[in-house]
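What follows is a short report on a single structure.
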Amino acid sequence: MIGPPSIWYVGNGRVAAKRQNEFPKASRFLAFCKKPFLPKQLPISLGIDLSRGILFCILGVYLSAMQPHTFHGFIFLLFLGYCTQVCGQFEQSPTVNKKWWKEAIVYQIYPRSFQDSDGDGVGDLKGIISRLDYLKSLGITAVWLNPIYSSPNDDNGYDVSDYRAIMKDFGTMADFEELLKGLHERGIKLVMDLVVNHSSDEHEWFRQSRSSRNNPYRNYYHWWNAENGKPPYRCSLFDVNHDAWKYDSLTNAYYLHYFSVKQPDLKWENPKLRQEVYAIMKFWTDKGIDGFRLDAFQFAAKDTTYPIFPKGFERDFVNYYAIQGNLHGYLQEMNKEVLSKYDIMSVAEGAGNTFEDGHNLVDEDRRELNMAYAFEGVDIAKPEGYSVLHFKEVFSRWDSAFAEKGWLSIFLANHDQARMVSRFGNDRPEFREASSKMLSTFIMTMRGTPFYYNGDELGMTNAGFERLEEFRDLQTINEFRYAQNTGADLKIVMKRLQFTSRDNGRTPFQWDATANAGFTTGTPWIKVNYNYRTINVAAQQKDPNSCLNYFKQLVKLRQEHPDLLVYGKFTLLDKENPNIVVYTRESQGRKMLILLNFSDTIAKVTIPADLSTATLLLSNYQNKPAHINNVQSHTYTLLPYEARVYTFSTERDPTTNDIWGRGIHRDNATMMRCGMYKGHGLYVRLIKN
Ligand code: NOJ
């Protein structure tokens, strides 16, 4: 443990005094000298600092005139010390740039599965409107809606046929406006999905584009004329043959589709196309929406010389497809044309391969986007399990890479993943609640903007699909067909899809124990999870210890402590512990300690903290006291999937940046802090008598 240094200096003069409360005048004087400021208050602070400086000068001149020899040097040095300190403040003041979208708690709604209002078995906008008070009750501050634009639904709305119209299944533009108004009235922002790496093949642009080689829209998509032979192989994520080029006999050419054959890739290299997209974005921002999530945008720019990639490149898909060509140039243009004109959230799906890629997308100085959404964390969980050591290594690595610049989103699930509790936790009845709460605790206590997927607040689980006919997702179905065509072991493939299929996260939201979980009065478009009678909102609202009520407490906690939980520094402790993830969040001498047992067994953790001096803020085991194994060695035991959040009193030891309190200062000295952060150099050592 790092102890305090033995000598502290005030400016350039060493001070020895007694306790702060024994010297109120001295301490008030020092506090005045050293009043810290926040960057947000910079103009005010500069004013204060200037007036303090002038006051010091006048004092110096006055005292020098009175007794030049005695005081001159002292005052000069005092003033010099003050100046040094002010400079130090400039150097060391936290670089936190506060923004609403950093403090937001984003709740992702999959509209197709949230609430059906008209009995057609498909969720819709009126359905969401009827649940606005539920959203408000969660305490979340922003909603991300998966695409609601006109679409033939090859990929559930990620194949847009008209970017300015609402999908018929979902309602009308009037419904949309009512929804936006209802959200805003409740203090909730709206972030829209923007799908512009590709459109639907039923979009008018594509109809035109494929009609003739001379059509003005031809260059809105990527075409390869067949007389030039077969184009260099490109792998498609959703194609039944994994082939991203589709031959179209109408013009004897191939078009490119990284996703399904009905999702042709738009040609971002064409400035006209880019202007079309910016106009669409303005259409929605002028309606008052609060942000965009740019779908698959890391793939938008291509090397249109289509070089031949080495064999097997598709296993390293992102490396070859992400952040290519002039992607950053397009984002800078988008920023100039649209994003910079509004105070909105902008997040691109995928952050490339390297931290440099991720940074370049969101580095404020580059004026591109404001938040990265990286996959390395969410991809850790595999059907065969995952290593907790790997989990914490990945999340802390990403955190430190973005600690100074840029901003991350934090998530463990979305509509492209199976359920969070089934992948990262444990959906067996005895552990489902605890592990789901523990994972929510992780998301809500990390630095970055949480993106929380609908249904996870209830601990909704994987669906238990058994037969191919039960799946609806084209990726799942085409993967199965690809396996069939290539002679793979279908039992193994099915087992894997049962665990990984995106449909697991898309089953209807479980509102109550009535038919179809209260989602629809008709036949749901996808089967309802068999466990809806026990796992549903109505039941959990009544239970003070439910996952739902725990989630609300977490939201409140995050909102009550933005300095710590949104902006505060993250430090991973006990790195080698294979079961427990433990870390601190800290800011300006205050700390929180978060302990999370990621295992289904009782596990031990050793931390340099005396928990008996700490306050337990939240626990998923109903605030029962932590089991202390050994006070001397600070070893504690956590129950399976236990989560505990502590805060520490700062009075005991604020100077050392060390939360651990008791037992640190065994000598006869007590530390007094004079309103500065650690590192600002102004501390007073007080001798106890
Ligand atoms: C990523 C989206 O999240 C996913 O749902 C979609 O299928 C693909 N992009 C293609 O748009």
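Start at 1 and go down the list; that is how both ligands and their atoms are numbered.
- F292 has its side chain out of reach of M345: every pair of non-hydrogen atoms, C-beta onward, lies at least 4.5 Å apart.
- Remark: minimum distance from atom 8 (C) of ligand 1 to any protein heavy atom is reached at F259 CE2, 3.8 Å.
- Atom 9 (N) of ligand 1 has its closest protein heavy atom at D295 OD1, 2.8 Å.
- By the criterion of a heavy-atom distance under 4.0 Å, neither the backbone nor the side chain of Q475 is placed next to ligand 1.
- At least one heavy atom of R293 sits less than 4.0 Å from an atom of ligand 1.
- Looking only at heavy atoms of the protein, atom 7 (O) of ligand 1 is closest to D155 OD2, 2.5 Å.
- Residue-ligand proximity, H198 to ligand 1, at heavy-atom distances under 4.0 Å covers atoms 10 (C), 11 (O).
- Evaluation of the salt bridge (Lys or Arg N to Asp or Glu O under 4.0 Å) test over residues 468-479, restricted to residues two or more places apart or in two chains, returns R467-E469, R467-E470, E470-K527, D473-R502, D473-R506.
- Using a cut-off of 4.0 Å between Lys/Arg side-chain N and Asp/Glu carboxylate O, R207 and E204 are scored as salt-bridged.
- Ligand 1 places these atoms under 4.0 Å from at least one heavy atom of R502: 4 (C), 5 (O), 6 (C), 7 (O).
- The F238 neighbourhood of ligand 1 comprises atoms 7 (O), with distances under 4.0 Å to a heavy atom of that residue.
- The cationic atom of K302 (NZ for Lys, CZ for Arg) lies less than 6.0 Å from the six-membered ring centre of Y258 and within 45° of the ring axis.
- Each salt bridge (Lys or Arg N to Asp or Glu O under 4.0 Å) pair with one or both residues in residues 317-331, not counting sequence neighbours, would appear here, but there are none.
- Side-chain atoms of Q263 and F238, non-hydrogen and from C-beta on, do get closer than 4.5 Å to each other.
- Protein heavy atom closest to atom 3 (O) of ligand 1, with residue, atom name and distance, is D416 OD2, 2.4 Å.
- The salt bridge (charged side-chain N to carboxylate O under 4.0 Å, His left out) test with R419 is passed by exactly one of D503, D427, D456: D456.
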